[in-house]
Amino acid sequence: MLRNISRRELIRKFIACGFEGPYSGGKHQFMKKGDLKVRIPNPHQGDIDVSLLKRVLHQAEITEEKWNSA
């Protein structure tokens with residue numbers, strides 16, 4: 001089950017899923033895994049909510065099961 005998450009925890013879990021970074025880029029930082037490049041939300045208003053997390057995970061091709069086990 002997904003829940004709101006801090007930006008720091010998001011980055012830690014992305015690394016656990018095999019991504020590298022975060023790297024600086026334009027307005028948003030991004031993380032990479034092979035040819036896949038995913039923008040990381042900026043930490044403007046506290047935690048990242050579940051709806052945004054779902055969109056980021058979809059772009060990163062990470063299943064909810066893999067995310068929860070990371």
Original post:
Where do Glu64 and Met1 come nearest, in terms of heavy atoms and distance?
Top reply: OE2-CA, 3.4 Å

Original post:
Who passes side chain to side chain contact (heavy atoms under 4.5 Å, CB included) against Leu52, sequence neighbours left out?
Top reply: Pro41, Ile48, Asp49, Arg55, Val56

Distance-only criterion, 3.5 Å: show the donor-acceptor pairs between side-chain atoms of residues 11-25 and protein atoms not counting sequence neighbours.
from  : atom 1 : to    : atom 2 : distance (Å)
Arg12 : NE     : Glu9  : OE1    : 3.3
Arg12 : NH2    : Glu9  : OE2    : 2.7
Lys13 : NZ     : Trp67 : O      : 2.8

**OP:** Report yes or no: do Phe30 and Leu36 belong to one cluster of Ile/Leu/Val/Met/Phe/Trp/Tyr joined by side chain heavy-atom distances under 4.5 Å?
**Re:** no

Original post:
Hey, what do you get for CG (Asn68) to CG (Leu2), rounding to the nearest 0.5 Å?
Top reply: 6.0 Å

**OP:** Starting at CZ of Arg3, measure out to CG of Asp47 and round the result to the nearest 0.5 Å.
**Re:** 8.5 Å

Subject >> From Met31 atom CE to Ile40 atom CD1, the distance as rounded to the nearest 0.5 Å >> reply: 5.5 Å

Original post:
Is the count of non-hydrogen atoms from other residues, nucleotides or ligands lying under 6.0 Å from Arg7 atom CZ greater than 12?
Top reply: yes

